[in-house]
Amino acid sequence: MNAPSISDRGPRRFGWPQRVFSQVLLMQLAIITGVTVLVTGLFLAPLSAQLDDEAMRRALAIAQSTAAQPGIAEDLRTTEASASGPVQSAAEQIRRATGAEYVVVMDHRGVRWSHPETDRIGEVVSTDPGDALRGREVMEIDSGTLGRSARGKVPLRDPGDEVVGAVSVGIEYDSVRARLLGAIPGLLAYAGGALAVGALAAYLISRRLQRQTHDLAFSDISALLTEREAMLHSIREGVVALDGTGRIRLLNDEAQRLLGLGPEAAGRPLAEVLDGGRTADVLAGRVVGDDLLAVQGGRVLLANRMETDDGGAVVTLRDRTELEHLGRELDSTTGLIDALRAQDHEHANRLHTLLGLLELEMHEDAMEFVTEVVGVHRATAEQVTEKVQDPLLAALLVGKATVAAERGVSLRLAPGTLLPDRVVDPRGLVTVVGNLVDNATDAAAGSGDARIEVGLRAEGRTVVLRVRDSGPGIAPEQYASIFTEGWSTKDLPAHGKRGLGLALVRRLAERQGGSVTVAGADGGGAVFTVVLPEALAGPETADPATAPHPATTGDSR
């Protein structure tokens with residue numbers, strides 16, 4: 001189905017795009033951008049705290065190193081606080097070496113003995129040194145005389161481990177902020193790179209989606225799905241869609257009817273819902289060709305299979321049962337017309353003979369001639385109706401005997417034939433007998449001493465049918481294949497298909513729990529045996545109802 005063109009979708013409007021490709025691309029870009037911004041923010045939030053912690057730990061480490069310097073505690077006790085004193089010299093040396101903002105050494109009163117601004121030496125520190133003077137180490141961000149800084153304070157102990165003062169080291173907070181701001185460009189560069197890669201991937205995915213959806217809008221896809229459902233479930237042709245693994249993806253109403261399946265078959269493997277046979281082989285693609293015949297549940301189906309790009313297939317099914325029935329009726333009618341034409345000639349010959357006898361005034365000979373001709377036909381009909389008491393079967397055999405005789409084939413009943421008028425499904429049995437007798441007639445015609453022998457007998461409620469012909473017979477290696485749909489040795493009839501008669505015979509027999517077999521006959525030819533359990537009603541049942549069945553008579557050899 002062709003995708004509607006852009007011009008078919010009405011005038012262009014600005015705003016949210018309608019095509020699947022554009023909508024998916026915009027949504028993916030929005031998601032990627034949002035995720036990138038979120039991740040960047042989540043990374044920057046702890047980065048500031050991490051830098052503060054690193055600055056405080058660095059200040060604490062410098063303070064610890066300063067307090068551990070030998071001589072500072074002693075100088076604090078033996079010298080005066082001055083800009084030229086040894087404590088100031090040592091503190092400034094450490095400050096310059098470590099890059100700290102300040103290194104302040106104080107005594108136990110909080111008086112500075114060192115400071116970057118020498119005029120503040122001798123003054124009390126601006127922040128509370130109490131925790132450090134009590135022997136505890138302190139890390140904090142605080143503001144003092146030099147501004148905001150990351151600070152570390154440690155107690156200063158003499159050789160006797162007595163706290164004689166404290167050391168306070170500050171790292172300029174602006175440098176910490178500068179490190180944070182310096183990290184942002186690199187982080188944004190990485191985020192931008194990730195965003196670009198994500199945008200490219202989103203574009204490629206959207207382009208692939210555009211090709212797969214034929215550049216349709218979501219509204220177009222929804223309309224197409226609605227139209228597809230309406231079309232598939234309204235057409236009078238079965239449609240079965242399979243995926244690459246042989247699982248049923250779709251089964252419309254007509255396919256369910258033709259295959260005898262329910263909606264629950266969708267989503268299940270084909271092998272689970274259909275028993276082995278030609279129908280399953282055709283649907284699965286094990287049998288290839290156009291207009292393949294299959295028989296399913298007494299229905300004659302015409303199947304065509306087309307592969308799809310994803311490895312699956314779509315199979316269409318048409319019900320050919322009525323057409324096959326009409327075609328076989330046409331074949332039967334054509335045969336009857338030929339037989340009637342031949343009978344017309346024979347009847348004319350008999351009338352001419354009778355007229356000649358009457359003109360020659362051979363009245364007694366004329367009476368004997370008429371009696372003989374009428375008696376032969378009456379004897380045949382009486383023999384059939386006496387042994388086959390079901391009227392439909394008896395009429396069928398009488399008619400088949402007449403047609404066979406016109407083709408030079410003698411049809412007779414086998415010894416021991418006796419079928420009571422208690423057939424449960426006479427039409428089904430007519431289909432079986434008619435198909436086998438037609439096949440036997442075709443096989444025996446033209447052979448020497450052409451004959452057909454039909455045997456029908458009852459064994460309890462089971463009917464056993466045997467049809468024997470004097471034809472060329474069937475090779476043993478073909479015994480199994482002759483019951484397969486499409487197998488035939490005859491030329492195509494007017495309706496174009498053969499190979500269904502014996503397949504229908506087998507299906508009818510199996511549906512009643514019976515069987516059909518073939519074997520070679522003594523002296524040549526073939527013998528078909530059909531066993532139909534429960535084909536007869538019990539003796540106590542009067543006038544059993546016949547099951548309606550649009551039976552098909554026909555050929556298969």
Side-chain angles (χ1 to χ4, degrees), residues 328-329 332-333 335-340 342-343 346-347 350 370-445 449-459 461-471 501 505 508-509 516 521 525-532 535-537 539 543-544 546 549 551-555:
R328 294 180 189 285
E329 284 189 350
S332 300
T333 302
L336 288 174
I337 291 174
D338 293 339
L340 289 174
Q343 283 188 344
E346 183 179 355
H347 183 62
R350 289 170 179 171
V370 172
T371 301
E372 180 183 357
V373 171
V374 174
V376 170
H377 289 283
R378 181 179 300 162
T380 301
E382 289 179 353
Q383 180 189 20
V384 171
T385 54
E386 179 183 356
K387 295 185 176 182
V388 180
Q389 299 173 6
D390 183 87
L392 283 179
L393 286 173
L396 173 71
L397 290 174
V398 171
K400 293 294 184 182
T402 302
V403 174
E406 297 301 330
R407 298 183 61 182
V409 179
S410 171
L411 188 152
R412 61 176 180 264
L413 297 179
T417 295
L418 181 60
L419 183 69
D421 187 13
R422 292 187 285 111
V423 179
V424 174
D425 183 12
R427 294 186 181 181
L429 191 54
V430 162
T431 297
V432 174
V433 174
N435 274 284
L436 294 180
V437 170
D438 285 346
N439 289 341
T441 302
D442 292 338
D449 189 21
R451 66 190 183 279
I452 301 172
E453 186 177 82
V454 179
L456 279 164
R457 74 176 189 273
E459 297 180 356
R461 297 184 59 184
T462 300
V463 172
V464 179
L465 165 66
R466 283 192 176 87
V467 178
R468 174 179 175 178
D469 64 68
S470 61
V505 169
L508 288 171
V516 56
V527 177
F528 285 84
T529 302
V530 181
V531 179
L532 301 174
L536 296 178
D543 297 327
T546 58
H549 185 278
T552 307
T553 61
D555 57 272

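Reckoned from all heavy atoms, side chains included, excluding hydrogens, waters and symmetry mates.
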message: Applying the side-chain contact (heavy atoms from CB on, under 4.5 Å) criterion to Val463, which one of Leu419, Val530, Val432, Val423 satisfies it?
response: Leu419
- prompt: Picking from Val454, Leu411, Val384, what satisfies side-chain contact (heavy atoms from CB on, under 4.5 Å) with Lys400?
  reply: Leu411
Gap between atom [atom2] of [Y] and atom [atom1] of [X] - 0.5 Å precision:
X	Y	atom1	atom2	answer
Thr417	Glu386	OG1	CD	11.5 Å
Arg468	Ile452	CZ	CD1	12.5 Å
Asp469	Asp442	CG	CG	10.0 Å

Is the shortest heavy-atom distance from the side chain of [X] to the side chain of [Y] under 4.5 Å?
X	Y	answer
Leu532	Leu465	no
Val430	Leu393	yes
Lys387	Pro415	no

Closest approach of [X] to [Y] (non-hydrogen atoms, all atoms of both residues):
X	Y	result
Ser470	Ala444	OG-CB, 3.8 Å
Gly408	Ala450	O-CB, 3.5 Å
Ala394	Thr385	CB-CG2, 4.1 Å

Check: Thr529 main-chain N/O paired with Arg466 side-chain donor or acceptor under 3.5 Å: no
- request: Would you sort out whether Leu396 and Val437 count as a side-chain contact (heavy atoms from CB on, under 4.5 Å), showing the intermediate values?
  value: CA-CA 10 Å; Leu396 173 71; Val437 170; over 6 Å; no
field: Partner set under side-chain contact (heavy atoms from CB on, under 4.5 Å) for Gln389, not counting sequence neighbours
entry: Leu418, Pro420, Asp421
message: Applying salt bridge (charged side-chain N to carboxylate O under 4.0 Å, His left out), can you list everything that pairs with Arg451, at least two apart in sequence or on another chain?
response: Asp449
With Arg412 via side-chain hydrogen bond (donor to acceptor under 3.5 Å, both in side chains) - residues at least two apart: none
